[in-house]
Participant: 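Quick one: the structure is below, and I'll ask about it shortly.
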Number of protein chains: 4
Amino acid sequence: SKPVTEINPHHSAGSGVNMNIIRHPRAPALTIERWFNTSQPITLESLRGKVVVMESFQMLCPGCVSHGLPQVSRVYATFPQDKVAVIGLHTVFEHHEVMTAQALETFLSEYRIPFPVGVDMPSPDNDVPQTMLSYAMRGTPTLTLIDQQGYLRQQYFGQVDDLALGAEIGALLNESLSVSENTSMASGCSDGQCAL
Amino acid sequence: SKPVTEINPHHSAGSGVNMNIIRHPRAPALTIERWFNTSQPITLESLRGKVVVMESFQMLCPGCVSHGLPQVSRVYATFPQDKVAVIGLHTVFEHHEVMTAQALETFLSEYRIPFPVGVDMPSPDNDVPQTMLSYAMRGTPTLTLIDQQGYLRQQYFGQVDDLALGAEIGALLNESLSVSENTSMASGCSDGQCAL
Amino acid sequence: SKPVTEINPHHSAGSGVNMNIIRHPRAPALTIERWFNTSQPITLESLRGKVVVMESFQMLCPGCVSHGLPQVSRVYATFPQDKVAVIGLHTVFEHHEVMTAQALETFLSEYRIPFPVGVDMPSPDNDVPQTMLSYAMRGTPTLTLIDQQGYLRQQYFGQVDDLALGAEIGALLNESLSVSENTSMASGCSDGQCAL
Amino acid sequence: SKPVTEINPHHSAGSGVNMNIIRHPRAPALTIERWFNTSQPITLESLRGKVVVMESFQMLCPGCVSHGLPQVSRVYATFPQDKVAVIGLHTVFEHHEVMTAQALETFLSEYRIPFPVGVDMPSPDNDVPQTMLSYAMRGTPTLTLIDQQGYLRQQYFGQVDDLALGAEIGALLNESLSVSENTSMASGCSDGQCAL
């Protein structure tokens with residue numbers, strides 16, 4: 001377990017003048033081959049106003065199955081869906097021949113995963129799929145937190161404790177949107193330019 | 001486990017005008033007979049600026065020993081001490097003859113409880129001690145959250161999940177003090193008048 | 001968890017005369033398409049003199065992955081291999097198209113399963129494979145105990161506690177072989193005739 | 001967790017002639033100040049014919065409360081009481097002033113301990129009580145196994161896994177009494193002479 005020594009501040013509270021701004025990158029767009037558990041494709045834009053908790057996993061990754069997916073299922077059960085969006089991302093970077101979309105469909109059904117899961121789009125010349133590359137993920141499981149305005153706020157590779165994760169979600173839920181929007185403008189960040 | 005359906009908002013974000021203010025009571029003062037694990041007595045006033053997580057327990061209460069105290073020990077290990085203050089409150093309301101301060105001292109030593117623990121002051125005419133009465137606690141374990149300005153924000157009797165507790169702590173850590181102070185003035189609440 | 005109300009006695013202790021014999025069937029032969037984690041195929045005959053703990057599982061069965069396989073891995077780590085043989089049996093009776101031998105190979109590698117695992121031979125006209133049929137298993141996970149002489153002694157569908165399982169293994173380890181051999185002869189049981 | 005590398009054999013199976021006998025000491029008598037959860041005092045003699053699982057604990061010993069007592073409570077729930085006797089032994093060797101019989105009574109009630117518990121008799125000139133001394137226990141928790149004939153078969157200081165403990169209980173339950181009685185005679189062991 002990793003102690004949280006700092007709740008990542010998006011901005012200092014205050015007037016918007018002389019702020020010690022910490023700039024966050026825009027969360028890169030999701031490039032998805034196929035979605036499960038949702039009637040229509042999900043974009044990060046459609047989740048604006050919600051804190052997004054994204055679990056990147058592989059169905060045959062033991063740490064994903066024993067820790068990561070159960071944890072985000074607890075997140076899904078704990079927070080209201082109009083405040084926190086939980087999505088899974090099947091980021092296959094090894095053993096592609098057995099972790100197919102068809103196998104994933106069986107896995108999601110057997111494990112009764114209730115939230116939307118997207119299959120990360122394969123890369124033309126790389127074992128690592130496209131969204132995994134654009135987020136610079138180091139492996140699976142990776143848990144990513146995106147704030148209500150679409151900024152990438154935290155990315156954990158491996159395990160994170162429920163207390164620490166809860167604290168980050170609670171802090172992001174309690175951010176003032178209006179102030180954050182100022183920060184967004186102040187930072188000069190636009191979608192294509194803030195890739196990790 | 002109890003799902004969190006709402007992160008308690010201290011105030012709506014905004015200008016301070018026409019706010020839909022939710023008033024919180026001041027946390028009642030702690031009335032303590034004796035402190036352990038601290039060189040000097042602790043008052044809530046001395047903890048202003050920190051989120052306070054207070055665990056009320058009895059040393060022979062199984063749920064306190066198996067769940068409550070381990071959970072706040074995780075809180076103590078997870079959050080920085082200058083942001084989150086963890087304190088224990090030994091609220092003996094039964095079997096007073098065996099849960100003495102001397103027995104508690106052995107218990108705290110054997111269980112290696114690292115944070116300050118106060119012995120709740122016995123009531124003259126009641127088995128329930130004074131602080132426990134002033135917080136209207138229903139039993140043990142009870143977990144109480146007090147915000148950075150000393151307002152009583154949440155009180156759980158029984159168990160609360162790490163994710164939900166983490167979210168509440170994270171939200172309280174992320175509150176803007178300046179706005180909250182306005183709220184405090186607006187509410188007109190003063191220390192003696194806002195008992196639960 | 002299921003309390004064990006009776007340790008299955010193979011025989012009453014005594015002289016071999018006038019014994020109140022409880023007859024057990026021979027464990028049916030294993031019909032295996034392919035083995036993993038062993039240099040040569042395993043037969044029950046080759047395991048005579050050992051207590052056999054066999055875990056029938058499917059790689060996408062949640063209860064198998066979270067409970068059954070970890071439990072027999074503990075069995076494998078707890079008991080000496082010359083006394084207790086642990087084997088896995090991949091009994092695919094649904095979703096055959098994604099739980100292939102190739103997928104199983106990846107699963108066994110990712111989960112670091114150390115003991116031999118056989119792929120149960122598909123049935124010509126039945127989704128349920130051949131060994132699963134001959135043991136009349138009801139689903140997965142199923143844990144089967146075979147005694148040192150090859151008799152089928154216990155079969156659990158679902159979960160069994162470590163204490164109860166340990167007790168059964170300990171009882172089977174402590175059986176006197178010479179007496180049991182008498183029982184075997186007395187029962188007149190032969191391989192083909194004692195199917196469950 | 002400690003792997004079991006050998007199930008302690010009380011005797012080799014066979015004719016009683018030329019046996020490679022492993023002699024076990026008689027379990028020392030229990031010297032008890034006071035019993036709880038039983039209408040009359042318990043002696044080891046009264047438990048002949050049962051496997052005895054004895055948990056030595058102190059009510060303020062964390063490992064006893066979190067591991068030892070829950071484990072023997074599982075033993076108590078798993079095995080039939082006419083086969084396996086579970087007893088607790090309150091072996092106070094430190095902090096005598098707070099771990100009194102009165103405090104223990106509250107503890108047993110709060111934790112709903114269902115099996116008989118004896119308070120080990122204090123020693124005149126030693127912090128370690130009498131039964132604890134006669135069993136040469138090294139501390140708490142200590143789990144002691146006594147076979148159906150009253151021989152001391154195993155003593156664990158610290159934690160033992162459920163699988164390993166189950167295996168020992170299962171093996172002791174499956175011992176043939178008639179053969180063991182011969183062993184007992186052959187060993188020439190008598191009560192006072194076989195202290196550990």
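A note on names: the letters A, B, ... follow the listed sequences, proteins ahead of strands, and every chain is numbered from 1.
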Participant: What's the shortest heavy-atom distance between D:Gln71 and C:Leu163, and which atoms?
Facilitator: O-CD1, 4.3 Å

Participant: How close do D:Asn174 and C:Ala171 get, counting heavy atoms only, and between which atoms?
Facilitator: ND2-O, 2.7 Å

Participant: For the residue pair C:Asp162 and D:Asp162, what are the closest heavy atoms and their distance?
Facilitator: CB-CB, 3.6 Å

